[in-house]
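Worksheet: one structure, shown below.
These numbers were taken from a predicted model, which means no experiment stands behind them. Count residues from 1 along the sequence.
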Amino acid sequence: MTVQPEQEQRIVAAIEAAERVTSGEVRVHLNDRCSGDALRDAQKAFTKLGMHRTAERNGILFYLALESHKFAVLGDAGIHTKVGQAFWDGIRDAMIPELKAGRWVEALEYGVAEAGRALAEHFPHQGARDRDELSNEVSRG
Ligand code: CA
Ligand code: CA
């Protein structure tokens with residue numbers, strides 16, 4: 001599925017905004033089709049992107065298979081311990097209606113903002129010594 005540059009830019013902007021207030025890292029991975037198990041695909045992408053290598057284990061991945069209409073959100077151990085499964089479920093439940101309506105960019109903007117708020121609460125931005133540990137670009141495939 002074709003993703004317009006403008007759509008990608010909006011997602012990157014949402015990630016940048018989220019990361020301005022936290023040391024945590026947010027990534028978005030887009031796929032056309034999913035193997036059937038979005039969570040498993042998300043876990044694979046998480047590893048492939050090296051998202052388990054952040055210092056505080058506070059990376060969050062949004063995985064979306066555009067043609068399969070499958071979606072998963074996954075947080076590394078550091079943030080997962082703080083927020084628990086209910087937090088991911090809450091983000092997912094809030095995003096589903098938007099995704100179903102085809103507003104996937106809006107859904108991701110919302111999810112990324114929510115993830116950023118939780119990260120900021122538990123992993124505040126480290127000022128000048130904060131590093132962008134993971135690229136803010138949308139990854140594909
Ligand atoms: Ca960072
Ligand atoms: Ca980043």
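- Minimum heavy-atom separation, I60 to A115: CD1-CB, 3.8 Å.
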From CA spacing to verdict: side chain to side chain contact (heavy atoms under 4.5 Å, CB included), D132, E25:
CA-CA 7 Å; D132 187 23; E25 298 289 329; 3.1 Å; yes
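- Under the 4.5 Å side-chain heavy-atom criterion for grouping Ile, Leu, Val, Met, Phe, Trp and Tyr, W104 is connected to W88 within one hydrophobic cluster.
- Judged as a side chain to side chain donor-acceptor pair (under 3.5 Å), and not counting sequence neighbours, the contacts of R33 are E67.
- Each of R27, Q43, M51 was scored for a side-chain contact (heavy atoms from CB on, under 4.5 Å) with L74, with one residue passing: Q43.
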Candidate pair T47 and H52, rule side chain to side chain contact (heavy atoms under 4.5 Å, CB included), full reasoning
CA-CA 7 Å; T47 306; H52 54 290; 4.0 Å; yes
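- The side-chain hydrogen bond (donor to acceptor under 3.5 Å, both in side chains) pairs that include a residue from residues 5-14 are R10-E106, R10-E109, where partners are two or more places apart or lie in different chains.
- Taking both residues in full, the closest heavy atoms of H80 and G75 are given as CB-O, 4.0 Å, listed atom of the first, atom of the second, then distance.
- Looking only at distances, no side-chain donor or acceptor of E114 sits under 3.5 Å from a matching main-chain atom of I91.
- Contact record, A94 with Y110: CB-CE2, 3.4 Å, taken as the closest heavy-atom pair.
- Residues F87 and V28 share a single hydrophobic cluster, defined by chaining ILVMFWY side chains whose heavy atoms lie under 4.5 Å apart.
- Tracing side-chain contacts under 4.5 Å through hydrophobic residues (I, L, V, M, F, W, Y), one never reaches I11 starting from L49; they form parts of separate clusters.
- Counting only residues at least two apart or in different chains, side-chain hydrogen bond (donor to acceptor under 3.5 Å, both in side chains) contacts with residues 93-102 comprise E98-R103.
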Show me the donor-acceptor pairs, under 3.5 Å and distance only, between side chains in residues 134-141 and residues at least two apart or in other chains.
from, atom 1, to, atom 2, distance (Å)
S135, OG, E137, N, 3.0
S139, OG, H29, ND1, 2.6
R140, NH2, M1, O, 3.3

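- Linking ILVMFWY side-chain heavy atoms closer than 4.5 Å, directly or via other members, places M95 and V83 in a single hydrophobic cluster.
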N/O donor-acceptor pairs under 3.5 Å from side chains in residues 14-23, not counting sequence neighbours:
from, atom 1, to, atom 2, distance (Å)
E19, OE2, V26, N, 2.9
T22, OG1, G24, N, 2.9
T22, OG1, L119, O, 3.4
T22, OG1, F123, O, 2.6
S23, OG, E56, OE1, 3.1
S23, OG, N58, ND2, 3.4

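- V73 and I79 fall within the same hydrophobic cluster, where Ile, Leu, Val, Met, Phe, Trp and Tyr residues are linked whenever their side-chain heavy atoms come under 4.5 Å apart, directly or through other members.
- Under the salt bridge (Lys or Arg N to Asp or Glu O under 4.0 Å) criterion, D76 pairs with R57, not counting sequence neighbours.
- Taking both residues in full, the closest heavy atoms of Y63 and A38 are given as CD2-O, 3.9 Å, listed atom of the first, atom of the second, then distance.
- Ion pairing between a basic and an acidic side chain is recognised when a charged N comes within 4.0 Å of a carboxylate O; K44 and D41 show no such pairing.
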